[in-house]
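All remarks here apply to the structure that follows.
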Amino acid sequence: MISITFPDGAVRNYEKGITPLAIAESLSRSLAEKVLAAEINGKVCDATQPIRSDASLRLLTWNDKEGQMTFWHSTAHLMAEAIEKKFPGAKFWVGPPIENPKGFYYDVDLGDRKISEEDLAELENIMKELSKQKNPYIRKEMSKKEAVAYYTEKGDEYKLDLLQHLNDGEITFYTQGNFTDLCRGPHIPHTGLIKAIKLTNIAGAYWKGDEKNKQLTRIYGVSFPSQKELDEHLQMLEEAKKRDHRKLGKELGIYTMDEDVGPGLIMWLPNGSVIIEELEKLAKETEQKAGYKRVVTPHLAKESMYLTSGHLPYYADSMFPPMEIDGEKYYLKAMNCPHHHKIFASSPRSYRDLPLRLAEYGTVYRYEQSGELFGLMRVRCMHMNDAHIYCTREQFNEEFRAVNEMYLKYFKIFGIEKYVMRLSLHAPEKLGIKYVNEPELWIETENMVRQVLKESGIPYVEVPDEAAFYGPKIDVQIFSVIGREFTLATNQVDFSQGRRFGLHYTTADNTTDTPIIIHRAPLGTHERFIGFLLEHYAGKFPLWLSPVQVKILPISDKFLPYAKEIHEKLLLVGIRSETDERNEKIGKKIRDAELAKVPYMIITGEKEISENKISVRKRGKGDLGSQSVEEFIKILLKEIEERTAD
RNA sequence: GCCGUUGUAGCUCAGUGGUAGAGCACUUCCUUGGUAAGGAAGAGGUCGUGAGUUCAAUUCUCAUCAACGGCUCCA
């Protein structure tokens with residue numbers, strides 16, 4: 001007998017070699033039907049794996065993340081079985097479950113054959129048939145020699161490549177129905193549990209993620225234990241699409257693009273420009289209080305400066321090609337740093353001048369590959385909330401911490417809670433290639449940044465090989481509604497550029513030293529930040545950011561003069577007001593103002609004129625009753641001044 | 001840049017080998033109406049661009065541009 005400890009602390013005794021599935025059955029029949037996998041002593045494995053000694057056990061169902069991942073992984077195998085049936089001889093790479101978007105994919109080499117959208121429906125049907133067979137997922141261990149022989153016979157170079165990195169004792173195969181795959185598992189008990197399947201799309205994916213390699217066909221899908229859950233999931237995706245910043249950006253008149261202007265080049269419409277102005281106002285206020293100095297720099301610079309900075313030739317692929325004037329090459333700037341460094345260098349600096357904080361909403365141009373462009377999130381011309389802080393080594397911690405606090409202050413204003421702080425580190429093996437070759441400086445600055453993060457108590461993750469070439473950084477990662485991950489803001493350390501530009505200051509003991517530079521962009525770029533805000537607020541901007549803050553809706557055109565009077569009063573105190581002068585009924589005007597997501601509506605008619613008041617309606621909340629214009633203005637100005645969340 | 005899909009009116013989308021439609025928006029008229037769509041009439045497109053096949057192309061083929069779903073990459 002062995003004793004099994006359950007998550008609630010209960011201990012029960014079972015026969016040696018019992019499976020988690022059998023234990024579930026001993027507890028309840030309905031539970032056994034839901035078990036997808038099991039966690040034995042903290043390790044996720046098959047629910048059909050025998051337990052041979054005392055252990056702690058957690059039965060995993062659809063309600064557990066691990067249960068879902070196992071479920072999707074098993075569905076990927078089921079899809080592979082269907083693909084093999086429809087495309088005999090197809091070779092498989094890997095087929096993992098994924099969290100964002102939910103589901104799974106499998107990378108396949110179909111040879112010369114092509115797969116189309118119509119084939120997906122057919123594959124789905126094959127999968128449903130196979131699911132009905134309730135085929136068990138059977139685990140089998142194999143020696144490396146056997147496994148290599150198996151795939152050599154099959155002529156499968158992909159699985160042979162996978163095998164290279166595995167050793168005897170860690171090679172397992174799983175078989176369900178007629179499909180066998182090299183796989184570490186775990187898997188669900190049988191295919192019958194997969195009741196609802198949707199294959200979502202076909203994409204190309206480079207083998208091993210390297211664009212020099214052959215491109216495999218990647219098929220994405222998602223599955224659920226019931227049709228109802230699949231329907232709900234698809235419904236949710238539809239809802240998410242409604243708050244896609246590209247859709248909202250068009251509907252709300254935020255921005256536009258034009259083929260004649262060029263891909264990735266945003267034109268901000270009046271409504272979008274208001275948001276830009278408000279964001280810049282916030283940044284300027286905040287930075288002014290934090291001791292920043294504003295500068296303005298040109299959009300171009302000569303080749304020589306980018307050779308100095310090191311951006312050329314290494315960054316050349318991301319820059320627009322140069323233009324030649326008077327025998328000199330000029331580049332559109334892809335970053336503001338070199339210009340700011342030149343400003344630092346423009347006059348002798350003393351330690352008394354530090355920290356020097358130079359800020360600019362700088363326009364930069366990057367030649368992003370055409371396929372990478374994405375609405376406002378990825379563009380070729382962007383406006384960056386940039387600043388460079390030149391400080392001594394002693395000042396670094398405090399400066400870096402202050403920048404982090406600025407981030408948190410901003411995030412509070414915008415109610416940004418779903419983000420990941422990522423400490424991006426270098427990779428030692430890429431020193432001198434991707435990163436400046438200063439091993440001890442890397443370690444030192446990374447420790448400095450880590451210390452600041454630890455002291456501030458901000459949760460973060462460390463990720464190697466994500467640093468800038470000149471130093472470690474903190475990235476703020478967010479997700480778009482369709483699940484794509486982006487860096488919203490960045491805070492970078494730079495111990496290299498200062499030296500390259502020959503920047504120095506006189507120290508207290510009359511020697512010279514090179515400043516450490518902090519590159520920071522807490523509001524990222526206007527493009528990405530507003531794209532993010534559109535989705536974050538679902539287009540319902542708080543009052544202070546709303547392009548139109550108040551819409552005045554006269555009951556009929558008899559009351560237009562009174563509406564105009566109120567409109568003038570609002571404009572006078574700086575409230576962005578518009579009047580709906582159309583010959584429409586009040587219901588229609590309200591509907592349109594609500595759809596335009598205007599925060600406040602003022603309704604004026606006979607009653608209001610006689611009482612010398614206005615009727616106020618709030619977006620999403622309805623009628624607030626009547627009040628005087630002066631009272632209303634006072635409330636709004638306070639809400640705007642305090643940048644209230646909504 | 002690569003793999004795949006798409007491209008028809010300002011927007012959302014039907015449709016056809018014989019030079020095109022709907023709803024909303026827009027204009028005009030009727031209506032002057034109290035908290036999410038009043039009625040009528042009208043105006044709008046060389047069907048992304050270029051070439052080919054054909055008596056005839058918006059429709060079929062090819063190229064090209066752009067957008068979209070991914071990969072790679074990134075603020």
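Here is the naming used below: chain letters follow the sequence lines, and residue numbers restart at 1 for every chain. As the structure is a prediction and not an experimental result, all values here were calculated from the model.
At a threshold of 4.0 Å, the pair A/K551-A/D580 does not count as salt-bridged, since none of the basic side-chain nitrogens sits closer than that to a carboxylate oxygen. Looking at A/E287 and A/R294, a side-chain N of the basic residue comes within less than 4.0 Å of a carboxylate O on the acidic one, giving a salt bridge.
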Could you list the donor-acceptor pairs under 3.5 angstrom formed between side-chain atoms of residues 249-270 of chain A and any protein atom two or more places apart in sequence or on another chain?
| residue | atom | partner | partner atom | Å |
| --- | --- | --- | --- | --- |
| A/E251 | OE2 | A/K247 | NZ | 3.0 |
| A/D258 | OD1 | A/D260 | N | 2.7 |
| A/W268 | NE1 | A/E527 | OE2 | 3.4 |

In residues 370-378 of chain A, what donor-acceptor pairs under 3.5 Å come from side-chain atoms, sequence neighbours left out?
| residue | atom | partner | partner atom | Å |
| --- | --- | --- | --- | --- |
| A/E372 | OE1 | A/Q369 | N | 3.1 |
| A/E372 | OE2 | A/Q369 | NE2 | 3.3 |
| A/R378 | NH2 | A/E368 | OE1 | 2.8 |

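In RNA chain B, runs of at least 3 stacked Watson-Crick or G-U pairs (N1-N3 plus N6-O4 or O6-N4, or N1-O2 plus O6-N3, all under 3.5 Å) give these stems: B:1-7 with B:65-71, B:10-13 with B:21-24, B:26-30 with B:38-42, B:48-52 with B:60-64.
One donor-acceptor pair, N or O on each side, does fall under 3.5 Å between the base of B/G1 and the side chain of A/Y206. At a cut-off of 3.5 angstrom, the base of B/C73 holds at least one donor-acceptor pair with the side chain of A/R378. The base of B/C2 lies close enough to the side chain of A/Q215 for a donor and an acceptor atom to sit less than 3.5 Å apart. Remark: the A/T525 side chain and the B/A75 base include a donor-acceptor N/O pair separated by less than 3.5 Å.
Comparing atom distances between the A/R528 side chain and each of B/U72, B/A75, B/C71 picks out B/A75 as nearest. With distances taken from any side-chain atom of A/E372 to the nucleotides B/G69, B/U72, B/A67, the minimum falls on B/U72.
Closest heavy-atom contact between A/L332 and A/M319: O-CE, 3.9 Å.
B/G45: glycosidic angle beyond 90° from 0, hence anti.
Residues forming a side chain to side chain donor-acceptor pair (under 3.5 Å) with A/H341 (at least two apart in sequence, or on another chain): A/Y390.
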Base contacts versus sugar-phosphate-only contacts with protein, heavy atoms under 4.0 Å: please encode nucleotides 31-36 of chain B as B, S and - from 5' to 3'.
BBBBBB
At under 4.0 Å between heavy atoms, how does the protein contact nucleotides 7-13 of chain B? Give one character per nucleotide, 5' to 3', with B, S or -.
----SS-
How far apart are the C-alpha atoms of A/K208 and A/D161, what are their side-chain angles, what is the distance that settles it, and do they pass the salt bridge (Lys or Arg N to Asp or Glu O under 4.0 Å) test?
CA-CA 11 Å; A/K208 294 187 185 181; A/D161 186 88; 3.0 Å; yes
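Distances shorter than 4.0 Å separate none of the side-chain N or O atoms of A/T217 from OP1 or OP2 on B/C3. When the side-chain nitrogen and oxygen atoms of A/R246 are compared with OP1 and OP2 of B/C68, one or more of them lie within a distance under 4.0 Å.
Using modelled atom types, no side-chain atom of A/R528 and backbone atom of A/A489 make a donor-acceptor pair closer than 3.5 Å.
No option in A/K214, A/K91, A/Q215 other than A/K214 meets the side-chain hydrogen bond (donor to acceptor under 3.5 Å, both in side chains) test with A/D109.
Nearest-nucleotide assignment on RNA chain B puts the 5′-proximal partner with A/Y367, out of A/Y367 and A/V476.
Within 4.0 Å of A/G375, counting heavy atoms only, lie sugar-phosphate atoms of the nucleic acid but no base atom.
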